[in-house]
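Report on the following structure.
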Number of protein chains: 4
Amino acid sequence: MTEVRVAILGASGYTGAELVRMLARHPNFRMTALTGDRKAGQPLASVFPHLSMLKLPDLVAIGDVDFGKIDAVFCCLPHGTTQDVIAGLPPHVRTVDLSADFRLTDLDAYNTWYGHPHKAPELQAEAVYGLTELKRAAIKDARLVANPGCYPTSVQLPLVPLLHAGLILADDIIIDAKSGTSGAGRSAKEANLYCEVTEGIHAYGIASHRHAPEIEQELSAVAGKPMIVAFTPHLMPMSRGMLSTIYVKLAKGAKAADLRAELSKRYDAEPFVQVLPEGAVPATRHVRGSNFCFMNVFDDRVPGRAIITSVIDNLIKGASGQALQNMNLMFGLPETTGLDQQPLFP
Amino acid sequence: MTEVRVAILGASGYTGAELVRMLARHPNFRMTALTGDRKAGQPLASVFPHLSMLKLPDLVAIGDVDFGKIDAVFCCLPHGTTQDVIAGLPPHVRTVDLSADFRLTDLDAYNTWYGHPHKAPELQAEAVYGLTELKRAAIKDARLVANPGCYPTSVQLPLVPLLHAGLILADDIIIDAKSGTSGAGRSAKEANLYCEVTEGIHAYGIASHRHAPEIEQELSAVAGKPMIVAFTPHLMPMSRGMLSTIYVKLAKGAKAADLRAELSKRYDAEPFVQVLPEGAVPATRHVRGSNFCFMNVFDDRVPGRAIITSVIDNLIKGASGQALQNMNLMFGLPETTGLDQQPLFP
Amino acid sequence: MTEVRVAILGASGYTGAELVRMLARHPNFRMTALTGDRKAGQPLASVFPHLSMLKLPDLVAIGDVDFGKIDAVFCCLPHGTTQDVIAGLPPHVRTVDLSADFRLTDLDAYNTWYGHPHKAPELQAEAVYGLTELKRAAIKDARLVANPGCYPTSVQLPLVPLLHAGLILADDIIIDAKSGTSGAGRSAKEANLYCEVTEGIHAYGIASHRHAPEIEQELSAVAGKPMIVAFTPHLMPMSRGMLSTIYVKLAKGAKAADLRAELSKRYDAEPFVQVLPEGAVPATRHVRGSNFCFMNVFDDRVPGRAIITSVIDNLIKGASGQALQNMNLMFGLPETTGLDQQPLFP
Amino acid sequence: MTEVRVAILGASGYTGAELVRMLARHPNFRMTALTGDRKAGQPLASVFPHLSMLKLPDLVAIGDVDFGKIDAVFCCLPHGTTQDVIAGLPPHVRTVDLSADFRLTDLDAYNTWYGHPHKAPELQAEAVYGLTELKRAAIKDARLVANPGCYPTSVQLPLVPLLHAGLILADDIIIDAKSGTSGAGRSAKEANLYCEVTEGIHAYGIASHRHAPEIEQELSAVAGKPMIVAFTPHLMPMSRGMLSTIYVKLAKGAKAADLRAELSKRYDAEPFVQVLPEGAVPATRHVRGSNFCFMNVFDDRVPGRAIITSVIDNLIKGASGQALQNMNLMFGLPETTGLDQQPLFP
């Protein structure tokens with residue numbers, strides 16, 4: 001049986017912990033190194049007591065990892081610092097990067113949205129955008145996969161096939177998205193305190209969220225022309241979960257039923273994507289703790305319009321789960337390996 | 001000092017309890033009768049222990065109220081049963097109805113959306129739609145006020161002045177709204193159990209929610225032509241609060257700043273409506289427990305579009321608070337009487 | 001490989017759904033029949049959309065199950081109705097009953113606490129109390145296992161070894177327990193609505209909860225004399241999780257460290273029970289979604305007293321997980337089969 | 001009408017904001033200065049947008065307040081820094097201090113629990129412990145009131161009268177308390193992030209919480225002998241609210257009903273304290289947003305024992321509300337002034 005020696009860089013954050021949780025049951029991937037620069041020397045159990053039943057290597061500094069003995073790297077480091085680290089990895093290592101550093105292919109766009117020139121442009125050129133269901137062929141052979149953002153995952157899964165099939169227009173797409181608070185990470189900020197988040201909702205990053213250019217890049221490629229979308233994320237009192245409510249204009253003559261049929265056909269054989277039956281409403285609680293994306297399409301009362309809703313667990317299909325799905329693919333394993341956990345409800 | 005004898009019909013639901021809470025500190029309105037047919041004979045404290053410090057009349061059946069001794073009625077009964085009850089009130093009684101029974105002026109529309117012919121069409125003709133800030137003159141002299149729905153309140157407060165000023169187009173208005181669970185009332189349904197609601201979100205009533213025709217009726221009147229809007233409500237894990245995120249097309253040459261300026265001018269003197277400073281994001285937690293509506297306007301990245309967000313407490317400005325504001329107006333009292341409570345945060 | 005044909009009676013409740021979730025990944029247990037009398041004929045996915053990715057038999061009425069083709073039954077039916085159903089099963093079927101029907105060995109106590117004479121006293125005599133870590137030998141060969149209550153599980157795991165070792169006194173044990181709302185089941189009751197539960201806490205069943213006699217029965221057996229404990233459960237705004245804070249008197253000369261040492265020794269080899277390091281505080285979020293019990297012991301400032309806290313997921317170790325652990329044991333499988341899922345945090 | 005010029009020191013924290021909210025409707029107290037050293041120069045609305053409808057002075061540094069023009073100070077500063085500040089106030093100013101700095105009368109105990117010698121021992125000697133219902137006479141004339149901790153308030157209100165009446169024993173009192181997260185303040189700490197707190201519970205400060213000596217000091221004074229109590233606080237997913245479940249031994253012959261009768265008699269005329277009817281369970285949601293304390297007493301099944309539960313809003317009766325109640329008393333105003341708001345439920 002294949003054994004792959006895995007390092008998780010940045011194992012002391014939420015996405016790192018999710019990878020540990022899933023890899024604990026993975027038959028092929030062996031967690032060989034876990035890094036956490038500020039917590040180096042500590043057992044992971046002291047950072048994440050919920051993982052204390054696992055036998056794991058202690059946290060180390062990245063500089064102390066012997067990458068000669070590592071086959072695969074999950075990189076869960078903050079945006080901006082990641083590109084340097086990955087540029088320094090030996091060439092035999094295959095990497096899935098959960099940060100945003102390699103998602104934008106246009107270096108000017110990167111500069112504009114992230115405020116500094118990209119530090120590893122040649123790596124950027126090599127990186128493959130890892131929305132698994134849509135990019136399988138390229139991911140399989142990639143050395144570096146840029147794991148998609150959570151919002152872009154929930155949006156592209158329904159929109160890409162519909163744009164491709166010409167069933168919706170590229171204009172006037174409006175995405176109203178709602179995310180769980182874990183998307184903000186584990187760093188201590190007033191805005192993410194329990195008392196500030198519970199029992200409330202507000203929009204944030206209106207017309208300025210960095211996932212907008214990522215969504216537009218991928219949709220534009222399918223549409224064959226530059227697209228601009230309206231994208232408004234909202235912060236919600238839930239730890240995990242993401243819902244995108246998407247308002248689209250139908251191509252002439254198309255109906256919601258046609259869209260649903262197209263998506264059903266497209267995802268029929270996919271183990272993680274489900275198009276719900278007519279009228280059934282996707283709910284985040286039905287995918288919580290799983291790598292699933294549930295979606296559906298509804299006729300709008302406004303003539304010529306449809307409403308699409310799509311739900312994922314932002315930490316799994318929106319981050320660590322999709323990263324593992326990609327790594328499985330890169331190492332020739334069934335994509336579902338280590339990802340067969342059903343949603344946790346209630 | 002004016003003393004008004006008040007009856008609350010349906011005091012055993014959430015909106016009834018909110019009225020009791022606010023009226024407890026009202027200097028002019030004296031709670032003379034509280035009804036609750038299934039709980040008749042019980043003290044309200046046994047239904048709502050949080051109100052047990054108040055001296056209140058016990059719950060009675062509606063049939064046992066002597067309306068000869070009542071000046072004003074808040075009607076918090078379920079949709080459909082309300083019209084009969086109000087039709088039976090003596091003519092001297094002035095009523096604010098919190099149900100949907102008298103909101104739609106078109107009897108055919110009522111029939112279509114509520115599934116039966118209206119039983120009190122002549123009363124319907126007399127009823128005044130009670131969005132206080134927009135209908136003050138008519139409310140003042142009304143005998144029957146149809147208190148607006150929560151969603152329509154949060155939507156019309158920003159949209160009506162903008163449509164009126166010609167700053168936004170009447171086409172392609174998209175309303176993505178998020179509501180607290182108290183909007184579903186206190187009746188025991190599986191869908192509203194704690195375990196089903198907490199830590200999740202989903203849309204409901206997509207393209208079929210009864211507040212859509214109410215919104216369209218009022219906006220159409222301002223636009224001077226029939227309008228259809230996209231309206232998608234979502235159920236959220238919060239007891240109270242409502243956020244409407246509204247996507248609009250700008251009139252030629254208009255900018256978000258123009259919209260904000262118009263709204264600021266319109267609501268400058270209003271005690272309950274606030275247009276936030278540029279860039280400040282309305283959050284439901286900042287109006288919780290108050291009669292306030294906070295709103296703001298943002299430029300979209302999509303050329304020619306803007307994004308408006310508006311927040312209220314669905315039980316107060318979206319229901320009982322606005323009802324009290326209307327009744328104050330009807331009895332010549334300052335609108336803020338009994339409504340000066342600041343938001344409860346955290 | 002062993003294949004065991006399994007029926008879940010009452011699969012449309014929360015504990016039934018948890019069993020389905022866990023059995024979906026179990027290599028030996030095949031779900032052959034799922035019952036839900038009121039939902040007979042429906043796919044489980046219509047009752048629990050989060051399980052809709054699984055291939056499962058449709059729900060049927062209990063009367064329509066061919067128990068000749070069933071080897072093992074998980075019985076998730078309501079208290080009181082269970083004893084009749086189990087009494088009617090053919091003798092080859094091995095059953096784990098998640099209800100309270102077979103937990104009390106004293107038929108008079110059953111009558112007192114449940115309000116009617118037991119209908120299957122001979123089965124009661126045969127039933128084995130299934131707290132796995134404490135009753136392994138008997139469970140292995142049992143035909144009928146009475147799966148413990150959630151509170152009793154969280155309480156006995158720490159107390160039984162300490163009483164057995166004589167490190168704590170049998171008098172004056174005070175148990176203050178906090179439970180997630182899923183313990184109340186999925187039936188629609190006003191008290192369990194989101195708005196009634198969120199952001200609050202209250203005690204319930206003070207001095208009258210049916211888990212008290214169950215706890216006392218098992219502790220008394222260890223102590224060798226009748227015991228009465230103070231037991232106060234509380235309802236909390238969390239879907240799953242249970243914390244018992246237990247106040248005990250130390251045997252002469254004993255310290256908290258002695259209790260921790262005894263428990264550590266007792267549970268050292270157990271895959272699901274962990275005694276935390278000195279000073280580490282068990283938190284329900286660290287066992288959520290797992291079959292784990294975490295516990296610890298603390299010196300009280302009151303001389304001669306110690307404080308024990310113990311956490312479980314009430315739906316897993318407190319119900320369906322322990323049931324599966326027991327069934328594994330009954331069929332000679334490793335206890336951890338199908339139960340290797342790590343906690344889901346955040 | 002009396003006008004009192006008030007300063008709130010530390011208005012940028014949760015207890016400061018609560019005072020602002022309540023004082024906004026107070027007819028006699030005029031907010032003249034609000035301090036927030038790190039936010040000096042900002043309007044309070046930028047720190048607390050929920051208060052943005054109020055006309056308030058901007059935040060200033062403490063050093064910039066002209067205390068010659070201040071009559072009354074609410075001090076909401078952190079423990080430890082407070083004593084210096086209060087020592088520097090001119091003698092005409094009357095102060096209610098919400099910190100713990102002046103609660104412990106024994107300077108050695110202060111040193112032990114707070115880790116440094118008290119810096120203003122002469123002020124400590126002058127300070128009056130401000131549990132209003134129990135210390136009215138002394139508070140009335142005090143220049144400096146040490147406002148009680150939240151836990152001690154919820155505990156003393158039931159226990160002091162019962163100890164005084166000799167109805168419960170001073171030994172073996174066990175207090176299991178549950179608090180909302182606002183008690184931890186607004187500073188950004190990982191432990192208080194939404195994702196760390198929601199849907200879970202854990203004990204903290206076991207046998208080492210600083211409210212234990214405060215409780216013991218006050219109970220000992222009533223009992224006439226040194227007392228040690230078991231006290232275990234728990235952190236819960238609610239913004240505000242506090243429940244103390246208290247396990248007591250009854251004096252010979254006493255029953256729960258006797259305790260309830262004593263408490264009812266003691267608090268009959270109190271506007272903020274309510275002893276519930278037999279069997280009614282206090283719930284935090286029923287006092288949320290109010291200055292109320294609800295309590296009740298239950299017979300335990302353990303002979304000779306009773307269980308008391310008591311609920312408050314930790315930010316109001318447990319902090320800012322009681323502070324205002326005290327200040328009203330100090331200035332000869334009705335205690336309820338500005339505190340007549342009913343609980344906010346749901």
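What you see is a predicted model; the values in this text were computed from it and never measured. Chain identifiers are assigned alphabetically (A, B, ...) following the order of the sequence lines, protein sequences preceding nucleic acid strands; residue numbering begins at 1 within each chain. Computed from heavy atoms alone, side chains included, the values below leave out hydrogens, waters and symmetry copies.
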- Applying a strict 4.5 Å limit to non-hydrogen atoms, the region of B:A24 in contact with chain D is side chain
- Message: Quick check on D:F48 against chain B: is it the side chain, the backbone, both or neither that has a heavy atom closer than 4.5 Å?
- Response: side chain
Which donor-acceptor pairs fall under 3.5 Å between chain D and chain B:
from	atom 1	to	atom 2	distance (Å)
D:R25	NE	B:D340	OD1	3.3
D:R25	NE	B:D340	OD2	3.2
D:S52	OG	B:Q274	NE2	3.0
D:Y194	OH	B:E199	OE2	2.5
D:T198	OG1	B:E199	OE2	2.9
D:E199	OE2	B:Y194	OH	2.6
D:E199	OE2	B:T198	OG1	2.9
D:R240	NE	B:P346	O	2.7
D:R240	NH2	B:P346	O	3.1
D:Q274	NE2	B:S52	OG	3.0
D:D340	OD1	B:R25	NE	3.3
D:D340	OD2	B:R25	NE	3.2
D:P346	O	B:R240	NE	2.7
D:P346	O	B:R240	NH2	3.1

- Message: At a heavy-atom distance under 4.5 Å, which candidate from D:L54, D:L315, D:V287, D:L276 has the highest pair count against chain B?
- Response: D:L54
- Message: Quick check on D:V281 against chain B: is it the side chain, the backbone, both or neither that has a heavy atom closer than 4.5 Å?
- Response: neither
- Query: For D:P277, is it the side chain, the backbone, both, or neither that has a heavy atom closer than 4.5 Å to a heavy atom of chain B?
  - Reply: neither
- Query: Can you name the closest pair of heavy atoms from B:F272 and D:M53 and give their distance?
  - Reply: C-CE, 4.0 Å
- Task: Examine whether an atom of B:P271 lies under 4.5 Å from a heavy atom of chain D, and if so say whether it belongs to the side chain, the backbone or both; otherwise answer neither.
- Result: backbone
